[in-house]
**Student:** 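Next up is a structure, given as structure tokens.
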Amino acid sequence: MALTLHDTLTRESHPIQPLDGKTLRFYCCGPTVYGPAHIGNFRTFVAQDVFRRVLEMGGLPTLHVRNLTDVDDKTIRDSQKAGQSLTDFTRFWTEKFHADCAALNLLPPHVEPSAVEHIPHQIRMIETLIQRGHAYAAPDGSVYFKVSSYADYGRLSHLEDRELKLGASTSAGAMDSDEYTKDSLADFALWKARRAEDGPNYWPSPWGEGRPGWHLECSAMALEYLGEEFDVHSGGIDLIFPHHENEIAQSCCSTHGKFAHHWFHVTHLMVDGGKMSKSLGNLYTIEDLQKRGYHPSEVRYVLISGHYSAPLSFTVHSLDSARQALQKLAKFDKALQDRGCPAVPARADLAPGPFTDAWETLNHDLNVPGALGAIFGTINKTKPATISADEAIAAHRGLHFMLEAIGVKLPPLIEEGSVEVPADIAELAEKRWQAKQSKDWAASDALRKELEALGWIIKDSKEGYTVIPK
RNA sequence: GGCGAGGUAGCAAAGUGGUAAUGCACUGGUCUGCAAAACCGGUAUGCGCGGGUUCAAUUCCCGCCCUCGCCUCCA
């Protein structure tokens, strides 16, 4: 079964088939490591992770490249502010990013190149662009890409004649002092001349000391690890313009290839009805949510619960909903284990089985929410206690096939003593048990209500009771 | 102004030219001293608004309203 995926460039869905017939090669724009990534950033990385998992579960090997932007205005500025070397500063945030990725059950990319370690590659690309007449050095030592030299500029974003529209934007960027030496406002920097405020962060180049522009690193590293043409390029929807447009221009003008054949863009996570952003202060990190008692697996579940192409409304409450949904999955798994299924089925045994409709839905433009609906549909009509042993095994393997495809790890069941009960709650619960034993129903019920008001539920059995959070 | 996405039950969110998945929440029943869990059932005559095409539209077409994103370095 081939995955079909919408392509930003053609605005149509296409089956995903590897250009080389063997391995699906794709590039994802990675994080700028100058602070903690927020869950909006992670929506994109999670969607890319699902993309990769679906291909691999479908039997297609992948080559996944995702860069680290560890040299740019923000990393340089904030490392200096922190009094650290750029290397130490970006290493710290890279490690934090990796920890968050692991917590979210993201598969590590096969290659994770660092921009600062590929400056020679970027310089080589600039030299080629200058030789071919697509770039020029300005008097101050910066180098710019000449947008007018590339006829197809704007094809991805459908933004053309951009200069005519300048002024419509409220951004102050265009007036930045950086931009003074450009021939045209549309031109963008390939190499930025050293500035005093960059401190020790500059590198030698044929045009003087400086550092690479942001857009260039992705073109250079994609070329290095994926070649002149590769299958899919992905990122957040806001990168379409100018970042991806610029990448296309740089790559197509410096090589003989067509660069990425398919563009996969993920729409933003919405919070408070708008885009989550640092400047608006409505930004959540994984750590923020962990402090509020949520597990990253619950965050992942929320992030995949909307289709990647549509805005997804995030609320803290949605994490509670995710927790219950995950419990439902875990309970189904437990019921199948009670029928003799292994805790973790062998990967080689995984097959969609009774979850085939969910698998088909997932392969239709990565429809995770639709697939989740189909998964629960199958669960609701599959009664572990009454089906045959073979059916139980098939259901178990199918469930785990789907969980692997969407990257969901089952949580421990809440009833299994995974939550610590505070001493005062335990004491109240014991008092209620005593009241119940002496058949003092009034006192027993009063204590139950009291505990419930405190957020705890008593679950009685013949031998005793357990206390679980509400 | 240009380009793009979206408006489906309390919340979230799929979907389709043939009469609305799923999760959470809520709720009725069985069970239980009462609960919980489990199981059985219920909860949008309706899919932003107004027209049109059609035997049939939430799904196609036209117009309109609203929300959101991008328009130079934001996933």
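Proteins get letters first, then strands, A, B, ... in listed order; numbering begins at 1 in each. No hydrogens, no waters, no symmetry mates; every other heavy atom, side chains included, goes into these values.
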**Student:** Return the 5'-most residue of the pair A:G306, A:A374 with respect to RNA chain B, ranking by each residue's nearest nucleotide.
**Tutor:** A:G306
**Student:** Starting at CZ of A:R323 and ending at P of B:A25, how long is that distance when rounded to a whole Å?
**Tutor:** 12 Å
**Student:** Give a yes or no on whether the backbone of A:D357 and the side-chain of A:T361 come within a donor-acceptor separation of less than 3.5 Å.
**Tutor:** yes
**Student:** Distance check: side-chain N/O of A:K331 vs OP1/OP2 of B:A38, anything under 4.0 Å?
**Tutor:** yes
**Student:** What I want to check is whether an N or O donor and acceptor connect the side chain of A:K439 with the base of B:C34 at under 3.5 Å.
**Tutor:** no
**Student:** For B:C68, give the paired nucleotide (Watson-Crick: N1-N3 plus N6-O4 or O6-N4; G-U: N1-O2 and O6-N3; both under 3.5 Å), or none.
**Tutor:** B:G4
**Student:** Tell me which nucleotide among B:A25, B:G33, B:C3 gets nearest to the side chain of A:D460.
**Tutor:** B:G33
**Student:** Rounding to an integer number of angstrom, what distance separates B:A56 and B:G41 when you compare their C1' atoms?
**Tutor:** 31 Å
**Student:** Which of the following nucleotides, B:A12, B:A37, B:C73, is nearest to the side chain of A:K459?
**Tutor:** B:A37
**Student:** Taking N and O atoms by type only, does the side chain of A:R43 place a donor or acceptor under 3.5 Å from a partner on the base of B:A75?
**Tutor:** no
**Student:** Under 4.5 Å between any side-chain heavy atoms of A:W203 and A:V116, yes or no?
**Tutor:** yes
**Student:** Counting heavy atoms from C-beta on, name the nucleotide in B:C24, B:C71, B:C3 closest to the side chain of A:Q324.
**Tutor:** B:C24
**Student:** Could you tell me how the ring of A:W263 sits relative to the ring of A:H265: parallel (under 30°), tilted (30 to 60°) or perpendicular (over 60°)?
**Tutor:** parallel
**Student:** Are A:W441 and B:G33 stacked, counting the six-membered base ring, centres under 5.5 Å, planes under 30°?
**Tutor:** yes
**Student:** Mind checking if A:S309 touches a base, just sugar-phosphate, or nothing, with heavy atoms under 4.0 Å?
**Tutor:** sugar-phosphate
**Student:** How long is the line joining NE2 of A:H317 and P of B:A13, in whole Å?
**Tutor:** 13 Å
**Student:** Looking at the side chain of A:K383, which of B:A75, B:C73, B:C40 is the nearest nucleotide?
**Tutor:** B:C40
**Student:** Can you figure out which of B:U72, B:G4, B:C73 approaches the side chain of A:R11 most closely?
**Tutor:** B:G4
**Student:** Pick the C1' atom in B:A5 and in B:A9, then give their distance to the nearest Å.
**Tutor:** 23 Å
**Student:** For B:U58 versus B:G15, give the span between their C1' atoms, rounded off to a whole number of Å.
**Tutor:** 10 Å
**Student:** With P as the reference atom in both, quote the distance from B:U59 to B:G7 in angstrom, rounded to an integer.
**Tutor:** 12 Å
**Student:** For B:U53, what is the paired nucleotide under Watson-Crick or G-U wobble rules, both distances under 3.5 Å?
**Tutor:** none
**Student:** For A:S461 and for A:G213, locate the closest nucleotide of RNA chain B by heavy-atom distance; then report the residue assigned to the nucleotide nearer the 5' terminus.
**Tutor:** A:S461
**Student:** Considering Watson-Crick and G-U wobble pairs with both distances under 3.5 Å, what does B:U58 pair with?
**Tutor:** none
**Student:** Checking side chain to side chain donor-acceptor pair (under 3.5 Å) for the pair A:H396/A:D333: CA distance, chi angles, key distance, verdict?
**Tutor:** CA-CA 7 Å; A:H396 194 242; A:D333 179 66; 2.8 Å; yes
**Student:** Looking only at side-chain atoms of A:P311, point me to the closest of B:C34, B:A5, B:C40.
**Tutor:** B:A5
**Student:** Would you indicate what A:L312 reaches in the nucleic acid, counting non-hydrogen atoms under 4.0 angstrom: base, sugar-phosphate, or nothing?
**Tutor:** sugar-phosphate
**Student:** Tell me: CG of A:L372 to P of B:A21, nearest whole Å?
**Tutor:** 17 Å
**Student:** Would you say a side-chain N or O of A:K334 is under 4.0 Å from OP1 or OP2 of B:A38?
**Tutor:** no
**Student:** What's the CG-C1' distance between A:L190 and B:C73, to the nearest Å?
**Tutor:** 13 Å
**Student:** Check the angle between the aromatic planes of A:F188 and A:H215 and answer parallel, tilted or perpendicular using the 30° and 60° thresholds.
**Tutor:** perpendicular
**Student:** Could you check whether A:S313 gets within reach of a base, just the sugar-phosphate, or nothing at all, counting any heavy atom under 4.0 Å?
**Tutor:** sugar-phosphate
**Student:** Quick one: which of B:C73, B:G69, B:U22 gets closest to the side chain of A:I237?
**Tutor:** B:G69
**Student:** Can you measure A:H268 atom NE2 to B:G69 atom P for me and round it to whole angstrom units?
**Tutor:** 10 Å
**Student:** What integer distance in Å separates A:L326:CG from B:C24:C1'?
**Tutor:** 12 Å
**Student:** Tell me whether A:T356 contacts the main-chain N or O of A:G353 through its side chain, where contact means a donor paired with an acceptor under 3.5 Å.
**Tutor:** yes
**Student:** Can you find a pair of side-chain heavy atoms, one from A:T90 and one from A:S79, that are under 4.5 Å apart?
**Tutor:** no
**Student:** Now, which nucleotide makes the Watson-Crick or G-U wobble pair with B:A14, with each of the two distances under 3.5 Å?
**Tutor:** none
**Student:** Could you give the distance separating B:U67 and B:U8 at their C1' atoms, to the nearest angstrom?
**Tutor:** 15 Å
**Student:** Can you check the A:I406 CD1 to B:G23 P distance for me, whole Å?
**Tutor:** 14 Å
**Student:** Could you check whether the side chain of A:N367 and the base of B:G15 have a donor-acceptor pair of N or O atoms closer than 3.5 Å, going by distance alone?
**Tutor:** no
**Student:** Under 4.0 Å between a side-chain nitrogen and a carboxylate oxygen: does that hold for A:R432 and A:D460?
**Tutor:** yes
**Student:** Identify whether any heavy atom of A:I458 sits under 4.0 Å from a base atom; if not, whether one sits that close to sugar-phosphate; answer base, sugar-phosphate or nothing.
**Tutor:** base
**Student:** Given the C1' atoms of B:A12 and B:C34, what is the spacing between them in whole Å?
**Tutor:** 33 Å
**Student:** Is B:A20 paired to anything, Watson-Crick or G-U wobble with both distances less than 3.5 Å, and if yes, which nucleotide?
**Tutor:** none
**Student:** What's the gap between B:A75 and B:U19 when it is taken at their P atoms, as a whole Å value?
**Tutor:** 45 Å
**Student:** With both distances under 3.5 Å as the test, what is the Watson-Crick or G-U wobble partner of B:C26?
**Tutor:** B:G42
**Student:** What integer number of Å spans the P atoms of B:C11 and B:A25?
**Tutor:** 16 Å
**Student:** Between B:A75, B:C24, B:U22, which nucleotide gets closest to the side-chain atoms of A:N380?
**Tutor:** B:U22
**Student:** Between B:A5, B:G33, B:C68, spot the one nearest the side chain of A:D445, thanks.
**Tutor:** B:G33
**Student:** Whole angstrom is fine here: how far is it from NE2 in A:H244 over to P in B:C3?
**Tutor:** 22 Å
**Student:** To the side chain of A:H307, which of B:C73, B:A13, B:A14 is closest?
**Tutor:** B:A14
**Student:** Can you check whether A:F145 and A:Y136 have ring centres sitting under 6.0 Å from each other?
**Tutor:** no
